Number of protein chains: 4
Amino acid sequence: MPTKKKPQVTAAPARRRELLDTAAEVFAEQGYNATTVRKIADHAGMLAGSLYYHFDSKESMLEEILRTFLDELWAGYDTVLAAESGPRETLEALVTESFREIDRHRAAVAIYQKESKQLVAQERFGFLVESQRRFEKAWLSTLERGVAAQVFRADLDMRLTYRFVRDTVWVAASWYRPGGQHSPEEIARQYLSMVLDGIAVREQPQ
Amino acid sequence: MPTKKKPQVTAAPARRRELLDTAAEVFAEQGYNATTVRKIADHAGMLAGSLYYHFDSKESMLEEILRTFLDELWAGYDTVLAAESGPRETLEALVTESFREIDRHRAAVAIYQKESKQLVAQERFGFLVESQRRFEKAWLSTLERGVAAQVFRADLDMRLTYRFVRDTVWVAASWYRPGGQHSPEEIARQYLSMVLDGIAVREQPQ
Amino acid sequence: MPTKKKPQVTAAPARRRELLDTAAEVFAEQGYNATTVRKIADHAGMLAGSLYYHFDSKESMLEEILRTFLDELWAGYDTVLAAESGPRETLEALVTESFREIDRHRAAVAIYQKESKQLVAQERFGFLVESQRRFEKAWLSTLERGVAAQVFRADLDMRLTYRFVRDTVWVAASWYRPGGQHSPEEIARQYLSMVLDGIAVREQPQ
Amino acid sequence: MPTKKKPQVTAAPARRRELLDTAAEVFAEQGYNATTVRKIADHAGMLAGSLYYHFDSKESMLEEILRTFLDELWAGYDTVLAAESGPRETLEALVTESFREIDRHRAAVAIYQKESKQLVAQERFGFLVESQRRFEKAWLSTLERGVAAQVFRADLDMRLTYRFVRDTVWVAASWYRPGGQHSPEEIARQYLSMVLDGIAVREQPQ
DNA sequence: AATGAATGAGACTTCATTCAT
DNA sequence: GATGAATGAAGTCTCATTCAT
């Protein structure tokens, strides 16, 4: 007598994942609001109503997409932070990890970038606020450690620098295409080179 | 002769401007799709239908907001480019001008950032494509002149650098609040310092 | 020979009965329209689609519930009427029998009360009209016999009296709970006492 | 700058009332759940979406119908109760007032009868519970006063009597048609005669 | 210039029902 | 006997837009 009401959480994770990937792609391409469930269903080869066998609502699809992404992101970040390397190495590892996540979850990252500002107002998406707090703390403390250790410049406004680095990395999701000519690691290397050393030619010592 | 059906272009340009500013604010805050004409009207203290005395459609409001912004942006950029300064000075002037535009047209910039990707597909917004092309040319050629003149590093992927600089600047519109503690010029100076020289401490030559 | 497509009528009548009882309970509680087959299936510990192995449709469940109830009701009424007792005894027997049916088929009675007005318009539920006709005839003729025999008052509008008695009895299904403190027979006795003698105290003849 | 958002409460009460009357008629005839907003709109000669200019939702229409009815009902009952007549006169006045309300708000009463059991579970319809409590108190205390004053029989279960009287009166809304051959007052008189004195012929004193 | 009322298209969602397994 | 997945019709509601006043 297993009065199961919602197959949403337990059953057939494979189909769910497929559908969520499809939905994420469409959300990223057209924007969440402009995406109709009919479009998602079309891409999945089914009728709009059929999606509701798998999900409670359009919004719950969005939520699951973002949660899944953030869970993976934090698994990666936590590994980096647990290593307790020096500030420069930590920064490099965070940037590299970020580009890897963009590579793996491009759609989710793009959605996050575009929609999170609106979503945080809703209780259901409170987990975004939580994540943002942890995110800021991880980056800001790394930068601060770097200033203290005299590997990062002390003459810059720390919050400005934080936003600079943060945006620089994540905005890449808007143009990045997986399978392009640069691997995530390669892009990370170039970004780091710019962020750390600047784009101006250094006056040669001597 | 003056019996026009559509007073949209002629009558009371001051009121139009007010309404467009209101609309831009709401578009920026809530997203174009999520903004109903009712919300705009609420903010303007009138009923939704009344807006149609002033504008043809919600879309035409969006178009006018973006056109006005781009017109001003290009007036500024063209002045900078016409000066034909050296590449580093040009870069600095472009960045500074950009932050000034963000200061003056924060809402329009935010809308542009968020919506342009979708809009360019529509013929009506073809002017965005045109602007993007000019934009890319202005920045890329400045960077290339800098590499040729050996003031910018030659070991970086030029397109990656372009995107880096472009995003670095414009993404600021998402968090910038006019009247904050930093003036646009001050923000520009710090950004330029990071972009040009990096955030890492330079090893002192001997 | 026994290769039937629709086992609906033959197979496992016990299970059918169980499921119909479950369905009747839910229909009575939530209303026919507001009851989804999913809810019925939940209560029965199965999935919605599985019900269609046992029944053709939600409507056919409703039909069978009502038919079963009316069949039993008429078996009881016919026994009473066949006894050809005096009008007062017949009235008492009909009321008592009615409360017994409410006791046994509370859910079906509640459904009947609430939905029959809508259902009679459908051909499939024509049997309800037929039953109502017989019902009215049985009660009305008993009342008329009582008036003729001078055991019921002659100064009342007969149809009004009919509705009064009818409603008085059947509306009880909306609040009656089997297993309560009063047996059906006890409730019948009190109702009859009120209906026959009124609730006012009689002035004692001298 | 009156940023009015909901014309629902203030403007044009006449049209609202018309539409609510139409809706009540359809709800009463077909049941709330089975009534589509399209049907209401059809009856009102407009499109389904247009109803939403006047009302927030189908449910809010139902709420307003029931509230309006109960407000009027209580205005009448309160007048009766304030008179502080003897129990028999009070009972007669309550019954008469009830039939007058049925005459004036037939549709609302029918809706109330059919739907209230489901509705009370929703917070929005909490006022129904409140009304039921007052209702029961008014009737029950009248009956109890009557028993104490020896004008009503003492040998009956008081709650059973309450339900009997209550249902007897209100169920009439299911068959009552205004403009029929009996006025509300005439129906009340006959009902009272049955309820108070019963339908059986009294044995003549002497 | 603005209001009040309505239109009509389209959105999200529900649900009875089907059917291969 | 039952499940899991899907269909397709219909329902409630939203919203840009129109227009007489």
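All heavy atoms count here, side chains included; hydrogens, waters and symmetry mates do not. Residue numbers start from 1 in every chain, and the chains themselves are labelled A, B, ... in the order their sequence lines are given, proteins ahead of strands. Just so it is clear, the model here is predicted, and its values are computed rather than measured.
- Taking atom CE on B/Met61 and atom P on F/dA16, their separation rounds to 11 Å, with Å as the unit.
- The CD1 atom of B/Ile40 sits 17 Å away from the C1' atom of E/dA2 (whole-angstrom rounding).
- Of the candidates F/dT7, E/dA5, E/dT3, E/dA5 carries the atom nearest the D/His54 side chain, counting heavy atoms from C-beta on.
- Contact annotation: the side chain of B/Lys114 never approaches that of B/Tyr32 to less than 4.5 Å [non-hydrogen atoms, C-beta and beyond].
- Atom CG of D/Leu47 and atom C1' of F/dA16 are 15 Å apart (whole Å).
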For nucleotides 11-21 of chain E, 5' to 3', base contacts (B), sugar-phosphate-only contacts (S) and non-contacts (-) with protein non-hydrogen atoms under 4.0 Å give SSBBSSBB---
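- A/His43 and A/Glu25 share no side-chain donor-acceptor pair at under 3.5 Å.
- The CD1 atom of B/Ile111 sits 5.0 Å away from the CD1 atom of B/Ile65 when rounded to the nearest 0.5 Å.
- Under 4.0 Å is where a charged nitrogen must lie from a carboxylate oxygen, and between A/Arg67 and A/Asp71 no such pair does.
- For C/Glu59, the CD atom sits in a packed shell: over 12 heavy atoms of surrounding residues, nucleotides or ligands are nearer than 6.0 Å.
- Rounded to whole Å, the P atom of E/dA1 lies 22 Å from the corresponding atom of F/dT21.
- Of the nucleotides present, F/dG8 is the one that pairs with E/dC15 by Watson-Crick or G-U wobble criteria, both distances under 3.5 Å.
- The local environment of CD in D/Glu72 is crowded, with over 12 non-hydrogen atoms from other residues, nucleotides or ligands closer than 6.0 Å.
- The distance from atom OH of D/Tyr53 to atom P of E/dA6 is 8 Å, rounded to the nearest whole Å.
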